[in-house]
Undergrad: 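Handing you this structure, nothing more for now.
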Amino acid sequence: MSILITNIKELLQVRETNISKVSGTEMKYLPIIKNAYVLIKDDVIADFGSMNDCQNITVEQTIDATGKLVLPTWCDSHTHIVYAGNREQEFVDRINGLSYKEIASRGGGILNSAKTLQNTSEDDLYKQSVKRVNEVMQLGTGAIEIKSGYGLTIESELKMLRVIKRIKQNFPIKIKATFLGAHALPNKYKDNKKDYIDLIIKEMLPKIANEQLADYIDVFCEKGYFSLNDTDKILSAGKEYGLIPKIHVNQFNTFGGVALGVIHNALSVDHLEELNNDDIVALQGSNTMPVSLPSCSYFLSIPYTPARQIIDAGLPLALATDYNPGSTPSGNMNFVVSTACIKMKMTPEEAINAATINGAYAMGISDLFGSIAKGKKANLIITKKVPSYNYLPYAFGDINIDSVIINGKCV
Ligand code: NIG
Ligand code: FE
């Protein structure tokens with residue numbers, strides 16, 4: 001199948017050399033070609049350039065993109081999109097004055113979602129989850145990371161990871177799987193955290209590795225959840241099985257989780273609503289991508305990641321949704337990009353870089369995703385007619401997407 005997209009008003013994120021991420025001041029630059037074309041052959045970008053250089057070639061389909069922009073699909077490097085049920089009652093409880101932490105300490109929060117998931121069949125969990133996957137694809141997401149962590153028993157963690165594997169097999173979107181057994185301490189282990197960590201390390205990990213169900217290992221490194229010492233142990237064990245660390249850190253407290261992630265050569269450290277200078281220094285010179293989740297800050301009314309501090313220190317930054325039932329019931333990357341501009345003072349160029357090439361880096365896939373380059377996957381967003389790319393984050397509540405191409409096919 002070949003598709004030629006012609007008369008593109010602006011083709012965004014065009015990279016001649018295959019860079020894996022952009023950092024610091026480089027993030028301010030978003031390379032574009034005005035009045036452009038893109039040629040897709042099967043599932044890859046075969047060619048692109050200015051309309052002036054567009055050869056008269058025969059293709060199976062031509063899409064006229066007059067007045068429209070084309071950009072790579074979003075790379076959402078942090079989600080919990082596989083979950084059962086919802087937590088709208090906790091949402092109302094928070095409106096009425098309870099905090100996220102108070103709800104969790106009453107047995108709500110992650111443990112609430114775990115209980116629901118444990119009582120949901122694998123087929124039902126699959127059905128509930130694919131509905132959301134279809135929705136985020138329509139919203140322009142072409143690659144996504146999905147975590148376990150609402151199972152918290154051997155069977156239910158495996159159930160989640162098997163559902164992720166099934167989605168991977170049945171959907172064109174690129175998927176990376178993360179084992180997050182250390183998301184919360186189940187009630188049964190309330191007074192015996194060591195036994196739960198042993199269960200993760202000695203029982204869950206070998207089974208997950210044996211079935212090749214995960215690429216990454218994650219820990220909720222936070223006061224009241226898993227300490228630095230717990231995190232160190234779990235990440236080390238995961239690495240023994242070939243899983244690469246990616247951790248939840250600094251959502252509510254700063255106590256060295258970022259530096260620990262860097263020591264473990266984590267692919268990313270995610271959340272970072274709280275951040276101090278030691279965290280910045282730890283990240284400098286590392287290969288670890290800081291990831292911000294502005295929809296989570298919005299929904300929980302907690303601070304936003306200090307993006308300016310991070311980027312102005314020469315570091316890269318990626319943006320992701322954190323789609324989950326408790327802190328972020330939304331998988332809309334368009335909203336994430338807007339919110340990053342509006343609330344975190346990222347420029348549109350920085351936000352688009354953070355949600356494409358840097359998101360791809362945080363999933364280890366920037367060789368094939370996250371920019372327009374020859375040979376990369378044909379995963380593209382075609383916008384509606386808009387005045388410029390600044391309009392995308394500006395018109396924050398609008399649906400600016402006309403169509404989405406994944407693996408060379410319209411979805
Ligand atoms: O990334 N912070 C930890 N985990 C999820 C939310 C978990 C929940 O409330 O269900 C997050 O925000
Ligand atoms: Fe998360």
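The chain is numbered in sequence order, starting from 1. Read the numbers this way: they start at 1 and go in the same order the structure lists the ligands and their atoms.
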Undergrad: Look at atom 11 (C) of ligand 1 and say which protein heavy atom is nearest, naming residue and atom and giving the distance to 0.1 Å.
TA: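 Closest protein heavy atom to atom 11 (C) of ligand 1: Asp322 OD2, 3.1 Å.
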
Undergrad: What are the protein N/O/S atoms, named by residue and atom, that sit under 2.8 Å from the Fe ion (ligand 2)?
TA: His78 NE2, His80 NE2, His248 NE2, Asp322 OD1

Undergrad: Identify, for atom 10 (O) of ligand 1, the protein heavy atom at the shortest distance, and state residue, atom and that distance.
TA: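 The closest one turns out to be Tyr150 OH, 2.6 Å.
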
Undergrad: Does His80 have a heavy atom less than 4.0 Å from any atom of ligand 1?
TA: yes

Undergrad: Please report which non-hydrogen protein atom sits nearest to atom 9 (O) of ligand 1, along with the residue it belongs to and the distance in Å to one decimal place.
TA: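 The protein heavy atom lying closest is Tyr100 OH, 2.4 Å.
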
Undergrad: Is the distance between the ring centroids of Tyr304 and Tyr298 under 6.0 Å?
TA: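 Aromatic pair excluded; centres sit 6.0 Å or further apart.
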
Undergrad: Would you say Lys41 has more than 12 foreign heavy atoms packed within less than 6.0 Å of its NZ?
TA: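 Check fails, neighbour count at 12 or below.
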
Undergrad: Nearest to atom 12 (O) of ligand 1, what protein heavy atom do you find, and at what distance?
TA: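 Minimum-distance protein heavy atom for atom 12 (O) of ligand 1 reads Ser327 OG, 2.6 Å.
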
Undergrad: Compute whether any side-chain donor of one residue and acceptor of the other, for Asn112 and Glu90, lie under 3.5 angstrom apart.
TA: yes

Undergrad: So, His80 versus Tyr323, ring centres under 6.0 angstrom or not?
TA: no

Undergrad: Return the residue, atom name and 0.1 Å-rounded distance of the protein heavy atom closest to atom 2 (N) of ligand 1.
TA: Gln251 OE1, 2.7 Å

Undergrad: Do the side-chain N and O atoms of His248 and His78 include a donor-acceptor pair separated by under 3.5 angstrom?
TA: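 A pair is found: one side chain offers a donor N or O, the other an acceptor, under 3.5 Å apart.
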
Undergrad: How far is atom 4 (N) of ligand 1 from the closest protein heavy atom, and which atom is that?
TA: His183 NE2, 2.7 Å

Undergrad: Taking C-beta and beyond as the side chain, do Val136 and Ile81 meet within less than 4.5 Å on heavy atoms?
TA: yes

